[in-house]
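To keep things clear, I will list the structure first and then write my remarks on it.
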Amino acid sequence: MERLADQPSKADQLTVAVRDAIRSGELTPDRLYSAQELGELFGVSRTPVREALLKLANAGLVRIERNRGARIVHSTEADVTEVSTLRLLLEPAATGRAAADPDFPAAELAATLDRMRTHAAEPEAFFRADCDFHDVIMRAGGNRRLADIVLSLRDAIALQGRRSMPGVRDAEQIIAEHRAVADAVASGDRERASAAMRAHLLSTADALSGDPAGWRREWERWA
């Protein structure tokens, strides 16, 4: 496990580090971890561990068991369906708004796409660049809460998110979908941008779901 530097925001650093360890499979689903054990793994004291676990519990990544520690939560098919539905309700509209923003940080978005290309054969780095791509778009409209909600939704199905990484789902396909979103945002066409994000999220949800036909039926109730 990566050990953390002694910095003021240690709890926030630990939250990110534990989240990444869950995504990568370094921390085992359904296993109970004590605060002491996590502190030793990441080289921090129990205080930031407790703070980080509270944040992770709010995100649905762990379940705190009193006086015992925290258990890594394994997402269910229902979780994937719910998260995918919420993302489809939120992100296309936000992407359309981003396309209409004359001050949209196009260079920042392009940089995340370049990182995805560079790390196409490195699943964890690729996944982080993918997250950053979406975060740039979500934050472009100035709605910090929306961006935080979308990030927490992705965290809620962190383990399933590995199914959409390179090696499981073709990296070139994922990059092409993101490029289509970036091009649509750059065009300034709100409807095109919304449609590109919607198509990408539908493709992602199909990859994450163990029952694509069933999840699509659920989505059609909202669409």
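Quantities reported herein were computed from a predicted structural model and do not represent experimental measurements.
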Would you say that [X] contacts [Y] through its side chain, given a criterion of any heavy-atom pair below 4.5 Å between the two side chains?
X      : Y      : result
Phe126 : Thr118 : no
Arg128 : His119 : no
Leu41  : Val18  : no
Arg139 : Pro105 : no
Leu88  : Trp222 : no
Leu56  : Ile64  : no
Leu202 : Trp215 : yes
Val185 : Arg192 : no

Side-chain donor or acceptor of [X] paired with backbone N/O of [Y] under 3.5 Å:
X      : Y      : answer
Glu91  : Leu201 : no
Ser194 : Glu191 : no
Arg71  : Asp30  : yes
Tyr33  : Thr28  : yes

For residues [X] and [Y], report the shortest heavy-atom separation together with the two atoms involved.
X      : Y      : result
Asp211 : Ser209 : N-OG, 2.9 Å
Leu53  : Ala70  : CD2-CB, 3.8 Å
Ala99  : Asp189 : CB-O, 4.0 Å
Ala94  : Leu146 : CB-CD2, 3.6 Å
Ala121 : Pro123 : O-CD, 3.5 Å
Ser84  : Ala205 : OG-CB, 3.5 Å

[atom1]/[X] to [atom2]/[Y] distance, rounded to the nearest 0.5 angstrom?
X      : Y      : atom1 : atom2 : result
Phe133 : Leu109 : CZ    : CG    : 4.5 Å
Arg46  : Gln36  : CZ    : CD    : 4.5 Å
Leu38  : Leu27  : CG    : CG    : 6.5 Å
Leu90  : Leu153 : CG    : CG    : 7.0 Å
Arg145 : Asn143 : CZ    : CG    : 8.5 Å
Glu82  : Glu77  : CD    : CD    : 11.0 Å

Inset, instruction - Answer yes or no: are there more than 12 heavy-atom neighbours, outside Arg87 itself, under 6.0 Å from its atom CZ? - result: yes
Inset, instruction - Taking atom types as modelled, find out whether Asp79 and Thr76 have a side-chain donor-acceptor pair closer than 3.5 angstrom. - result: yes
In terms of side-chain geometry, is the basic nitrogen of [X] or [Y] positioned less than 4.0 Å from the acidic oxygen of its partner?
X      : Y      : answer
Arg117 : Asp114 : yes
Arg217 : Glu220 : no
Arg216 : Asp206 : yes
Arg179 : Glu177 : no
Arg115 : Asp130 : no

Legend entry - side-chain contact (heavy atoms from CB on, under 4.5 Å) between Val73 and Leu61, intermediate numbers included: CA-CA 5 Å; Val73 175; Leu61 282 172; over 6 Å; no
Inset, instruction - Dump the intermediate steps for side-chain contact (heavy atoms from CB on, under 4.5 Å) on Leu89 and Thr85, then the final yes or no. - result: CA-CA 6 Å; Leu89 291 171; Thr85 299; 4.2 Å; yes
Legend entry - Cation-aromatic face contact Arg154/Phe127, 6.0 Å, 45 degrees: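 Yes, Arg154 sits over the ring of Phe127.
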Legend entry - Steps toward side-chain contact (heavy atoms from CB on, under 4.5 Å) verdict (Arg31, Ile72): CA-CA 6 Å; Arg31 180 183 163 185; Ile72 308 300; 5.6 Å; no
Inset, instruction - Kindly determine whether His178 and Met197 satisfy side-chain contact (heavy atoms from CB on, under 4.5 Å), including the steps that lead there. - result: CA-CA 8 Å; His178 284 77; Met197 179 61 81; over 6 Å; no
Inset, instruction - Check the hydrophobic clustering (I, L, V, M, F, W, Y; side-chain heavy atoms under 4.5 Å; chains of links allowed) and say if Leu151 and Leu14 are grouped together. - result: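 Unlinked, Leu151 and Leu14 end up in two clusters.
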